[in-house]
Amino acid sequence: MKTVGYAAHSENTELAPYHFERRELRPNDVAIEISYCGVCHSDLHTVNGDWGPQPYPLVPGHEIVGIVSAVGSDASKYNIGDKVAVGCMVDSCQECDHCHDGEEQYCRNGMTPTYGVPDRLNGDITQGGYSKHIVVREEFVLRIPDNLDMSRAAPILCAGITTYSPLRTWQISKGSRVGVIGLGGLGHMAVKLAVAMGAEVTVISRSNNKDTQAKEIGAKGILVSSDQQAMQHAASSLDLIIDTVPVKHDINIYVPLLDLDGTLTIVGQIGPLEEPMTLPLVLGRRRVAGSLIGGIAETQELLEFCAEHQLYPECETIKMEQINDAFKQLATGDLAHRFVIDMTAFEA
């Protein structure tokens, strides 16, 4: 299948149009014409080589929504014309205990990300959703509920599931007390989801500049991390903290905010942190954890949850040709929304 997208050709060049071929359909494959693709901060990190050398040319994008255009001979879950989605992974071994438990993201043999790695069967580099078409194994295709707005649904596949999974893992419900560090693309979704689950949510930020914005999406307000008196007053007041900060930072100032058996879970930074202090962990039986995305079943559950509550990311729709400007804003700005590329308007 010949298609076109935007690709990075090196860590020092802007994304540019790129013509390439998708694989022929395997028996259990689904071909999708992409309608919308979200822009994730990890796309920027990846194409810039921040996480190591990349197999350029590379088409990023792992928040994909579209329409089924063809199905393989053995594929039975979807029909041509169905509204579907693809998230951060497109394959796993399907044989290990984690895969059997619906935790494909933790596949013991390594899940296959949507872009930038060799395909499990033929070794070709996977290419993502900044393109007109994609071909994905049926088991990793998700169904879009009829009452979910496709134009705003794409970031649910990454920003949504990245924050939903720890909320479910630590059993957040009515009466839970949740802190969210940062009100960017991940943080604002964490707030919306936790509020919909019935939690009392506090945004933790270096300033109160986004206090109004935080309250508008359901948080009780902002706790300013640079205000030592306010931080001391808030000690032991939270059951779970979702840390969305995407760069190296000091988590020690946040740990005392946790109550007994509380958890700070890291979903933003992939890499080093400032040296942790164990005293507040030991004294409060607190813990620091990490969380990736969710499995396929949990991601489908999230899509249904968002449809039920009509819960959407804050989105700014852009054309494919505007992606480099969007990347510049991601690199320099503190955005409390997600860019979504309208692929229906893309013509190379």
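One-based numbering along the sequence shown.
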Salt-bridge criterion met for Asp259 and Arg177 (N-O under 4.0 Å):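 The answer is yes: the pair qualifies as a salt bridge.
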Pair Glu314 + Arg152: basic N to acidic O under 4.0 Å: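 Between Arg152 and Glu314 there is no salt bridge, as every charged N stays at least 4.0 Å from the carboxylate O atoms.
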Partners meeting ring pair (Phe, Tyr, Trp, His ring centres under 6.0 Å) with His62 (sequence neighbours left out):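 Partners of His62 under the ring pair (Phe, Tyr, Trp, His ring centres under 6.0 Å) test: Tyr115.
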Regarding [X] and [Y], is there a side-chain donor-to-acceptor distance under 3.5 Å anywhere?
X: Arg206; Y: Ser226; result: no
X: Asn324; Y: Tyr6; result: no
X: Arg22; Y: Ser131; result: yes
X: Tyr312; Y: Gln310; result: yes
X: Gln228; Y: Gln232; result: no
X: Asn12; Y: Ser10; result: no
X: Tyr164; Y: Glu301; result: yes
X: Glu298; Y: Ser165; result: yes

Residues in side-chain contact (heavy atoms from CB on, under 4.5 Å) contact with Asp325, at least two apart in sequence or another chain: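 With neighbours one apart ignored, the set is Lys328.
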side-chain contact (heavy atoms from CB on, under 4.5 Å) partners of Asp146, counting only residues at least two apart: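 Listed in chain order: Lys83.
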Report whether [X] and [Y] are members of the same hydrophobic cluster (ILVMFWY, side-chain heavy atoms less than 4.5 Å apart, transitive linking).
X: Ile217; Y: Leu167; result: yes
X: Ile242; Y: Val245; result: no
X: Leu258; Y: Val191; result: no
X: Leu240; Y: Val288; result: no
X: Val135; Y: Val117; result: no

Residues Phe346, Lys319; criterion side-chain contact (heavy atoms from CB on, under 4.5 Å); working and verdict: CA-CA 7 Å; Phe346 175 44; Lys319 296 180 180 179; over 6 Å; no
Could you check whether any side-chain N or O of [X] sits under 3.5 Å from a backbone N or O of [Y], counting only pairs where one atom can act as donor and the other as acceptor?
X: His309; Y: Cys306; answer: no
X: Asn208; Y: Asp211; answer: no
X: His188; Y: Gly184; answer: yes
X: Thr126; Y: Pro113; answer: yes
X: Asp101; Y: Glu103; answer: no
X: Asp43; Y: Cys40; answer: yes
X: Thr162; Y: Ala159; answer: no
X: Tyr56; Y: Ala7; answer: no
X: Gln105; Y: Gly295; answer: yes
X: Arg338; Y: Pro155; answer: no

Verdict with supporting geometry, Ile32 and Val84, side-chain contact (heavy atoms from CB on, under 4.5 Å): CA-CA 8 Å; Ile32 302 164; Val84 294; 3.8 Å; yes
Just how far is it from atom [atom1] of [X] to atom [atom2] of [Y], taken to the nearest 0.5 Å?
X: Met343; Y: Lys132; atom1: CE; atom2: NZ; answer: 6.5 Å
X: Leu142; Y: Ile156; atom1: CG; atom2: CD1; answer: 11.0 Å
X: Ile34; Y: Ile64; atom1: CD1; atom2: CD1; answer: 5.0 Å
X: Ile144; Y: Gln300; atom1: CD1; atom2: CD; answer: 8.0 Å
X: Ile204; Y: Ile181; atom1: CD1; atom2: CD1; answer: 5.0 Å
X: Leu292; Y: Ile161; atom1: CG; atom2: CD1; answer: 10.0 Å

Arg168 atom CZ: more than 12 heavy-atom contacts under 6.0 Å: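 Counting neighbours around CZ of Arg168, 12 or fewer heavy atoms of other residues, nucleotides or ligands fall under 6.0 Å, so no.
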Any side-chain heavy atom of [X] sitting closer than 4.5 Å to one from [Y]?
X: His249; Y: Gln269; answer: yes
X: Thr263; Y: Asp239; answer: no
X: Pro60; Y: Thr46; answer: no
X: Cys96; Y: Tyr106; answer: no
X: Met150; Y: Ile67; answer: yes
X: Asp119; Y: Val90; answer: no

Do you know which two heavy atoms are closest between [X] and [Y], and how far apart they sit?
X: Asp250; Y: Ile253; result: O-CG1, 3.8 Å
X: Met111; Y: Arg120; result: CA-NH2, 4.1 Å
X: Gly102; Y: Glu104; result: O-OE1, 3.3 Å
X: Leu157; Y: Glu63; result: CB-CA, 4.0 Å
X: Tyr254; Y: Ser225; result: CE2-CB, 4.1 Å
X: Leu311; Y: Ala196; result: CD1-CB, 3.7 Å

Stepwise side-chain contact (heavy atoms from CB on, under 4.5 Å) check, Val255 with Leu281: CA-CA 7 Å; Val255 173; Leu281 297 173; 3.7 Å; yes
side-chain hydrogen bond (donor to acceptor under 3.5 Å, both in side chains) contacts in which one or both residues fall within residues 29-38, not counting sequence neighbours: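 For residues 29-38, and leaving out neighbouring residues, the side-chain hydrogen bond (donor to acceptor under 3.5 Å, both in side chains) pairs sorted by first residue read Arg23-Asp29.
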From CA spacing to verdict: side-chain contact (heavy atoms from CB on, under 4.5 Å), Val59, Tyr18: CA-CA 8 Å; Val59 179; Tyr18 174 56; 3.7 Å; yes
For residues 68-79, which side-chain donor-acceptor pairs fall under 3.5 Å, sequence neighbours excluded?
residue	atom	partner	partner atom	Å
Ser69	OG	Ala31	O	3.3
Tyr78	OH	Val141	O	2.6

Salt bridge (charged side-chain N to carboxylate O under 4.0 Å, His left out) assessment of Arg108 paired with Glu95: CA-CA 9 Å; Arg108 292 195 185 276; Glu95 296 177 354; over 6 Å; no
Mutual orientation of the aromatic rings belonging to His337 and Phe339 [parallel < 30°, tilted 30-60°, perpendicular > 60°]: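 The rings of His337 and Phe339 stand perpendicular, inter-plane angle above 60°.
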Residues that Arg143 engages under salt bridge (charged side-chain N to carboxylate O under 4.0 Å, His left out), provided they are two or more places apart: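 Checked Arg143 against salt bridge (charged side-chain N to carboxylate O under 4.0 Å, His left out); matches are Asp82.
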